[in-house]
Amino acid sequence: MSDRPARTEEEVLDAIERRRRRPVRKLLDDRITLSHGAGGKASRTLVEALFLAELRNPLLEALGDSAVFQASSNGAAGPRLAFSTDSSVVKPLFFPGGNIGELAVNGTVNDIAMSGARPLVLSAGFILEEGFPVADLQRVVASMAAAARVAGVAVVTGDTKVVERGKADGMYINTAGIGVMERDLDLSPAAVRAGDRVLVSGTIGDHGTAVMIARGDLELEVDLESDTAPLAEITAVLLDAVGDDVRCLRDPTRGGLATVLAELALETELSIMIDEPSLPIAPAVHGACEILGLYPLYIANEGKLAAIVAPEAAETALAALRSHPLGRDAAIVAEVREEPPGLVLLRTGIGGSRVVDMLAGDPLPRIC
Amino acid sequence: MSMRFVDEYRSGEVAKRLAAEIEELAEPGRHYKVMEVCGGHTHSIYQHGVEDLLPPEVELVHGPGCPVCVIPMGRQDDAIAIAERPEVIFTTFGDMMRVPASNGSLLDAKSRGADVRMVYSPLDALKIARDNPDRQVVFFAIGFETTTPSTAITLLRARAEGIRNFSLFANHVTIIPAIRAILDSPDLRLDGFIGPGHVATVIGTRPFRFIARDWQRPVVVSGFEPLDVLQGVHMVLSQLRDGRYEIENQYSRVVRDAGNPAAMKAIGETMELRTTFEWRGLGFISQSALKLRPEFADWDAEVLYEVPGVRVADPKACQCGEVLKGVIKPWECKVFGTACTPEHPIGTCMVSSEGACAAYYNYGRHAGRRRREEAPVPA
């Protein structure tokens, strides 16, 4: 038995945690794989070791859903603005509950809303495949217009490119947007404290599961719609109710709620304990995920927010979210703790516990 | 779709009751090593934190029943060689895409241009063949008796429909020889087994009888929900307390003692035993795997395509074999969590969601510490 390693379990675990918390400096892969777009560990490595390394500046360094900065002109301070962008490559383009157009508008609107800003204007860039039916394009753009109206934004500039048949899978859309900070808020992970509660505005995993099933590869029939929706209004309702007690907002898209919380735990050096039975999960999503071996915590949402709120404001925040039609199923799902730092844990229904980390692989490519 | 039937097997109250009874069954001072043979159990145990409910006397040892984990590197190289042929659409279960071979994984081959597609079932692969008549569609068939019937049925359907641009790269293995190899191994003393519920659905409970008869060890064929596993442990400990060595069926809502004769017939019609087959970490085990019968040569990728077919040694640092045999815990492997992580796995046990290393890394990492951190659940 002399070949047994000398390390104790505790030492092995400590070493893993140290590695996890080290900034990622090197991209080990030679080529881009689908994992790099999945929103999990590989995405984070690509962003930190390549994009951030090359493009580094103080605003980008925050790696938030949007960049918040003070506009100024001729030395006079202007408003604080939030700026963000989002690309949609979803397959199929049309799915139950929405299409690529709504997704493109809501994606950027929601990224801006998570900074606490009111979204004002958007740009739209279209990459179209030769041969794409104009009637489909018309439907997509009409959906964009409708989504923009609901979100209270205007698409004020745009760009169109056409690529050869066989490229771009019909169409890709990029949007960028600007919002204005009308509240004196600085929502950021730095504000998160032990004791804070984590709320989600509704059922998790709806979008990713709906798109996956809409692809029809699975011969699974489930009555389920994407949750794509603009979050600007429900965010305003929440901030009106408990603005000063909201520490941080996140939009759990790719990688799902698990990834967002895992990132927060790493950034804040705090722990987050999720209570599994409290997680709102639609029965159809629960069922489909059981069959497919997926976990709703990791599946993309396109119309849900996660709010980290001071403990004394948690119930008021919950009531505020539930007062909005998009927040009917809102719930308090987790608590921030001191220990173990940097790690998300989950208390399971049977009373056990486990770690919730970012995913290494890609469960569902091309869902947004 | 109602999932109430799943939630019934995840009740916190029942779990607590079972846990208390298990604690009573465990003789103080005695150490119980119970092996869960199947990777599905390993995954469920970590996913639901089942170990948290067991007394310190009871240790769960993870077994070899992880289909992805046992495929040796040489076969993965062969798979990639087939996948890289320009005429081929190579279809595979998702987990196999990330398994490292001599020169990267199938996912890497895909990024180099190979047409590799993830499917959930071999029938999906057959559909791709139907939809792409000018391409050759190959399905990477892996798994124990659980997945073998669906491969067999797909093959029969391909023949019945006359689909000629479809073939199978067969790597199906059988669980009994692997259990024998573990019982024969001098490194490990086990007290009992949680038997593989899904495999038993197909082969029944009788093939496990030799474990009780020849080795005097209890076997409880169990389901995959956390309460199934807890009840399985409960039944193993009850047998040990009574000095009984029997094959019991905890999963009787699904498993029949005679198994599924129709599924066995489909396997027998299409496949036959290989003389020997290499298992990752366990080496060559005689009569432990299946290949297509000669009359299905037209659908046999091993016949249709030239592959390297070379035995490739596992990376030196990799201790997957010892993990698969339950000889070491995942964290005892020298490269666990350092050179070998889910992002950059060296061994298969770190890739598959049913692999003990991935399950421990992704879910169980806090295991050693959580007992002293028993704080209340958030409001």
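A, B, ... follow the sequence lines: proteins, then strands. Residue 1 opens every chain.
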For this session: Return the set of residues passing ring pair (Phe, Tyr, Trp, His ring centres under 6.0 Å) with B/H48 (not counting sequence neighbours), or none when no residue passes.
Result: none

Check whether [X] gets within reach of chain A through its side chain, its backbone, both or neither, counting any heavy atom under 4.5 Å.
X      : result
B/K110 : side chain
B/H344 : side chain
B/Q47  : both

For this session: I would like to know whether B/T42 and B/E36 meet side-chain hydrogen bond (donor to acceptor under 3.5 Å, both in side chains); could you show each step before the answer?
Result: CA-CA 7 Å; B/T42 308; B/E36 86 274 4; 2.9 Å; yes

For this session: Please state whether the side chain, the backbone, both or neither of A/I32 comes within less than 4.5 Å of a heavy atom of chain B.
Result: backbone

Problem set entry | cation_pi(A/R19, B/Y361) dist<6.0 Å, angle<=45 | no

For this session: Name the member of B/L107, B/V351, B/T338 that forms the most heavy-atom pairs with chain A at distances under 4.5 Å.
Result: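 If we count pairs closer than 4.5 Å to chain A, B/T338 comes out on top.
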
For this session: Sequence neighbours left out, what passes salt bridge (Lys or Arg N to Asp or Glu O under 4.0 Å) with A/R254? Give chain and number order.
Result: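 Not a single residue meets the salt bridge (Lys or Arg N to Asp or Glu O under 4.0 Å) criterion with A/R254.
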
Exercise. Got a donor-acceptor contact below 3.5 angstrom from the A/H286 side chain to the A/I281 backbone?
Worked result: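 Not at all, since once roles are kept as given, no pair shorter than 3.5 Å links the two residues.
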
